[in-house]
Every structure is written in C-alpha cells, then in structure tokens.
Amino acid sequence: MRKFQLFLLAEAVLLTLGLLSILASQATNFIILVVLLLLMVRFYTQDQRANFFLSVGFLFLFLVLMLNPYIISALVLGLVYVMINHFAQVKKTNRYALLTFQRTGLKARPIRNQWLGSKEYTGTDTYAFDDINVLRLSGSDVIDLSRVLIAGQDNVVLIRKIYGPTKIIVPLDVAVYLDVSALYGSLRYFDQPIYDLRNTSLKLGPDDANPAHKRRVKLVVNVLAGYVEVSRP
C-alpha cells in the first residue's frame, strides 16, 4: 500500500511539473485558448464546420503533451510500475503442474462465458461439486454452494472479473480457504470486519493443522474493483 501511495505522489509531482512547464509557454497557451474558443463556438452554434479545426487543435495539444519530458516520465513510470506489479504477482501466485490426458475417453464440456450481466450459480436439487471457473467483464455474481456435495480437499472456485460484486455461499461444515486480490475493493469474510483492498492480495483460512477440516473449498477471486462476500447459508 505504501508503494502505491509513493507511486501516486511521484505521478502527481511529474504531472504538475509537466502542466506548469506547458503553461509557461506562450505558444502552448495560444493553442489552448484557440481550442477553448472552438469548443465554445461548437457548443453554442452547433456548426459542424468547426469540427475540422477542433480536431487539429486537439492534435496539437496531444503533440504538446507527448513532447513534454515530465509527461513522458510520468507515462514511463506508470508503465514500469504496472509491469513490476504484474510480474511480482505472477511470481507469487504462479504454480506449475504437469497434466497428463488419456488418448481415449477424454470428455470435453465447453461452456461459453457470460461477459456482462448478473449471474447466479445455484441449483434446485443437490448435486456433486465440480470446479467453477468464472471469467467476466462486469456483473453481479452469486455462487451458492449450499446444495453442493463437497467431498475431499481439492475443490476450487476461480473467479476473474473487472468490476462488480461477488457473493459466495459456503455450507456450514466446509472449511474455506480464500485467496483474493483487488486493485480497489472490499471483502466481507463471514463475521469478520470488512477488509479494504487497495492494490492488495489477501489470504484467509483456518489452521491447516486442524484434523476436523476433512472437507474444504478453495476460493480464488481476482477483481479490478468490486465487493467480495463469503458467507454461510
């Protein structure tokens, strides 16, 4: 979290210096004034002929921004920060596995991903657990495992989405191991206080040494922004 705050501070300083250096030039001020006047003319007169000159003005503004050393430094710093965090996260969570498939008897069950909208993973009857892999852009998801026959310890629910709330309901007699990562979000883990997630990865779960946990499910949730809740029925 402190690294993210330092990054925001450095970006703010570079962008401020870039803006001050841009406004210090009379030519740049003239271009900004012309663009503002064209915007006013376009807004009040609704004249389509001003679109060409307005586009040219925005192009000059874009070139001014891209040629400013402080703006370029801010962009490079942001790119380096994103790459460092990405590779650090991959190194932290990456796992290697050797998968061997039989040449015969392989059964494929393709399921199309629903990118947008609300979706509820429930059933009217009791059914055996099958690993859940959810890939979404945006939407509200409710995964109800209260009617699932969970056996053993190799039960995984993987959720990857950009934005939206996610609620997972787990039976009372099943241990829950949660691995959640979010850029900006919050987490409610049963009766625990709400955790604020700010560019944070968080792992929660009971003691592995407890012999009573013969049945468990692992929840892996990766969201860009959203609210995550794990509860009992």
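- Using a 4.5 Å heavy-atom threshold, the side chains of I132 and V134 count as touching.
- Geometrically, R188 does not engage Y227 in a cation-pi contact, judged by NZ or CZ lying under 6.0 Å from the ring centre and within 45° of the ring axis.
- Its side chain within the 4.5 Å cluster rule, L158 clusters with V220 among the Ile, Leu, Val, Met, Phe, Trp and Tyr residues.
- Pairs passing the salt bridge (charged side-chain N to carboxylate O under 4.0 Å, His left out) check and including a residue from residues 218-233, sequence neighbours excluded, do not occur.
- Side-chain atoms of D179 and S201 form no donor-acceptor pair, as typed in the model, at a separation below 3.5 Å.
- Under the 4.5 Å side-chain heavy-atom criterion for Ile, Leu, Val, Met, Phe, Trp and Tyr, L145 and L172 are members of distinct hydrophobic clusters.
- Using a 4.0 Å cut-off between charged nitrogen and carboxylate oxygen, R136 and D141 count as a salt-bridge pair.
- Using modelled atom types, one finds no donor on one side chain facing an acceptor on the other under 3.5 Å when comparing N155 with R215.
- Within 6.0 Å of CZ on F190 lie more than 12 heavy atoms contributed by other residues, nucleotides or ligands.
- Partners of D196 according to the salt bridge (Lys or Arg N to Asp or Glu O under 4.0 Å) rule, which considers only residues two or more places apart in sequence or in another chain, do not exist here.
- In the hydrophobic cluster analysis, where Ile, Leu, Val, Met, Phe, Trp and Tyr join through side-chain heavy atoms closer than 4.5 angstrom, L202 is grouped apart from I194.
- To the nearest 0.5 Å, atoms CG (L75) and CG (L15) are separated by 8.0 Å.
- Donor-acceptor pairing under 3.5 Å is recorded for the side chains of T166 and K161.
- Two residues are said to be in side-chain contact when any heavy atoms from C-beta on lie closer than 4.5 Å; S186 and Y195 fail this criterion.
- Put simply, CG on L187 and CG on L197 are 5.5 Å apart, with the number rounded to the nearest 0.5 Å.
- Taking CG of D144 as the reference point, atom CD1 of I169 lies at 4.0 Å (rounded to 0.5 Å).
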